[in-house]
J.: 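My questions all concern the structure below.
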Amino acid sequence: MNFIIYNAIFLFKRVAIGSFEHILPILFSVIFCILFIKYSKQKLSKKQQQKALHVFGCLVSITVFGYHLHSISMGNYNITTDLPLYLCSLIALLIPVFTYYRKFWMFEILLFWIIAGTTQGILTPDIAQGFPAFDYFRYWVVHLGLLIIIFYAIFVFKMKPTFKSIFKSFFALQFYVIFMVVINYVLNANYFYLNEKPQSASVLDYFGEWPFYIIVVQIIIIPYFLLIYLPFFLAERKRKKLETTI
């Protein structure tokens, strides 16, 4: 196939919600996550489990580094839009720190950040270039890779949040927001969508215009975190109930 025609068909088309390019990576990641966790629990020693997660975390981080180095080499890098400062990209860069040390306080913060942040990105992807663009792969490796890491920590290392974890994660998020406000002011940027909603469809479209959607998000974030915590609460209550009946 002529390369120009190939690019016109595949590269320069934004990924549409519900398209093959949207659904296939999600299905692949679900299967991979289940097999990865199952294999680790059944076949690997504790030390090997730790190494497997850390290697996977490094691969996620390297993908982000590689993408940004590639963008810089192409000469079209814009610090007002392209720095890895959006929440998921920033977490992806730093995730090897968690996969290496596996500190509980890191888990408490990351659990809610990752589940809350990646859910929006997975359901309504904001990908300007579809398969096989580097940005397409980076986007899915970051969003789906972070979820796999958190599920691995939950099911392999048995890490569980507490009720206090909700508020620790919330207040840590406020420090991130303040940091992004400063960065946006200095660079005249829109990181974390604090100055303008994303161009693609998102849940923010239902929360009004700026600055109302920011206020609405701040109001609903604690209930959202509580919803994320609910399965852990129910599982713990069931476990305690079974213990009392034995």
Side-chain angles (χ1 to χ4, degrees), residues 22-64 86-125 127 136-166 168-170 172-173 176 203 221 223-239:
H22 179 198
I23 302 301
L24 185 61
I26 299 174
L27 292 177
F28 173 81
S29 296
V30 170
I31 295 172
F32 173 79
C33 183
I34 293 172
L35 294 178
F36 186 33
I37 291 173
K38 186 176 181 180
Y39 178 81
S40 295
K41 291 177 69 174
Q42 295 179 352
K43 302 294 185 180
L44 301 183
S45 66
K46 189 170 184 63
K47 186 174 182 179
Q48 290 172 329
Q49 291 172 350
Q50 295 168 355
K51 185 175 181 180
L53 181 64
H54 185 55
V55 169
F56 185 78
C58 288
L59 289 175
V60 172
S61 184
I62 289 170
T63 300
V64 178
Y86 290 101
L87 189 60
C88 291
S89 292
L90 186 60
I91 294 173
L93 281 178
L94 301 176
I95 200 65
V97 179
F98 168 68
T99 59
Y100 183 80
Y101 291 104
R102 298 175 308 281
K103 297 295 185 181
F104 181 68
W105 67 266
M106 296 180 186
F107 172 79
E108 289 181 290
I109 294 172
L110 291 176
L111 171 77
F112 296 98
W113 284 19
I114 288 175
I115 294 179
T118 59
T119 300
Q120 155 71 12
I122 290 171
L123 295 178
T124 58
I127 315 175
Y136 175 81
F137 289 101
R138 176 209 58 87
Y139 187 92
W140 290 119
V141 168
V142 167
H143 288 81
L144 296 171
L146 290 177
L147 272 180
I148 291 172
I149 288 171
I150 282 298
F151 286 134
Y152 191 99
I154 293 169
F155 292 104
V156 177
F157 296 139
K158 307 299 182 183
M159 302 181 80
K160 302 291 189 294
T162 66
F163 184 72
K164 292 181 180 179
S165 301
I166 297 171
K168 291 179 183 179
S169 186
F170 174 77
L173 184 62
Y176 168 78
V203 294
I221 197 165
Y224 189 17
F225 282 6
L226 283 168
L227 186 62
I228 294 171
Y229 175 70
L230 182 60
F232 299 97
F233 170 77
L234 294 176
E236 181 64 16
R237 189 172 70 171
K238 182 178 180 180
R239 184 188 66 81

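The first residue in the sequence is number 1, and the count goes up from there.
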J.: Does R102 count as lying over the ring of F157, i.e. NZ or CZ under 6.0 Å from the six-ring centre, within 45 degrees of the axis?
T.: yes
J.: Give a yes-or-no answer on whether the side chains of W140 and S29 include a donor-acceptor pair shorter than 3.5 Å.
T.: no
J.: CZ/F107 to OG/S169 distance, rounded to the nearest 0.5 angstrom?
T.: 10.5 Å
J.: Would you find a donor on one side and an acceptor on the other, under 3.5 Å apart, between the side chain of H54 and the backbone of Q50?
T.: no
J.: How far apart are the closest heavy atoms of K41 and Q49, and which atoms are they?
T.: CA-NE2, 3.8 Å
J.: Could you tell me if the side chain of C33 sits less than 4.5 Å from the side chain of I37, heavy atoms only?
T.: yes
J.: Should F137 and T63 count as side-chain neighbours, where that means a heavy-atom distance under 4.5 Å?
T.: no
J.: Can we call the ring centroids of Y152 and F36 under 6.0 Å apart?
T.: yes
J.: Can you check side chain to side chain contact (heavy atoms under 4.5 Å, CB included) on Q48 and S40, steps first, answer last?
T.: CA-CA 8 Å; Q48 290 172 329; S40 295; over 6 Å; no
J.: Return the minimal non-hydrogen interatomic distance between S61 and P96, and the atom names on each side.
T.: CB-CG, 3.5 Å
J.: What heavy-atom pair brings A172 and I109 nearest, and what distance separates the two atoms?
T.: CB-CD1, 3.9 Å
J.: Quick check: are there more than 12 heavy atoms from other residues, nucleotides or ligands sitting under 6.0 Å from CZ of F32?
T.: yes
J.: Would you give the length of the straight line joining atom CD1 of I150 to atom CD1 of I91, rounded to the nearest 0.5 angstrom?
T.: 8.5 Å
J.: Using the side chain to side chain contact (heavy atoms under 4.5 Å, CB included) definition, which of the options F170, Y224, F225 pairs with F112?
T.: F225
J.: Between the side chains of T124 and Q120, does any donor sit under 3.5 Å from an acceptor?
T.: yes
J.: Are I221 and L173 side-chain neighbours, meaning at least one heavy-atom pair lies under 4.5 Å?
T.: yes
J.: Can you check whether G121's main-chain N or O pairs, donor with acceptor, with T118's side chain at less than 3.5 Å?
T.: no
J.: Step through the shown structure and confirm whether more than 12 heavy atoms of other residues, nucleotides or ligands are within 6.0 Å of CZ on F104.
T.: yes
J.: How far does CD1 of I26 sit from CD1 of I31, to the nearest 0.5 angstrom?
T.: 12.5 Å
J.: Counting only N and O atoms by type, is there a donor-acceptor contact under 3.5 Å from the side chain of S165 to the main-chain atoms of T162?
T.: yes
J.: Please name the pair of heavy atoms, one in F98 and one in K103, separated by the smallest distance, quoted to 0.1 Å.
T.: CE1-O, 3.9 Å
J.: Is the CZ atom of R239 crowded by more than 12 outside heavy atoms at less than 6.0 Å?
T.: yes
J.: To the nearest 0.5 Å, how far apart are CG in L147 and CG in L144?
T.: 6.5 Å
J.: Heavy atoms only: give me the nearest A92-V60 pair and the separation to one decimal.
T.: CB-CG1, 3.9 Å
J.: Do any N or O atoms from the side chain of E108 and from the backbone of P161 form a donor-acceptor pair under 3.5 angstrom?
T.: no
J.: What is the distance from atom CZ of F151 to atom CD1 of I34, rounded to the nearest 0.5 Å?
T.: 10.0 Å
J.: Donor-acceptor pair, W113 side chain versus L87 backbone, under 3.5 Å?
T.: no
J.: May I have the step-by-step check of side chain to side chain contact (heavy atoms under 4.5 Å, CB included) for L111 and F232, ending in yes or no?
T.: CA-CA 12 Å; L111 171 77; F232 299 97; 4.1 Å; yes
J.: Using modelled atom types only, decide if a donor and an acceptor are shared between the side chain of H22 and the backbone of I122 within a distance under 3.5 Å.
T.: yes
J.: Examine distances only and state if a side-chain atom of K160 and a backbone atom of I154 form a donor-acceptor pair shorter than 3.5 Å.
T.: yes
J.: Would you give the length of the straight line joining atom CG of L59 to atom CD1 of I95, rounded to the nearest 0.5 angstrom?
T.: 13.0 Å
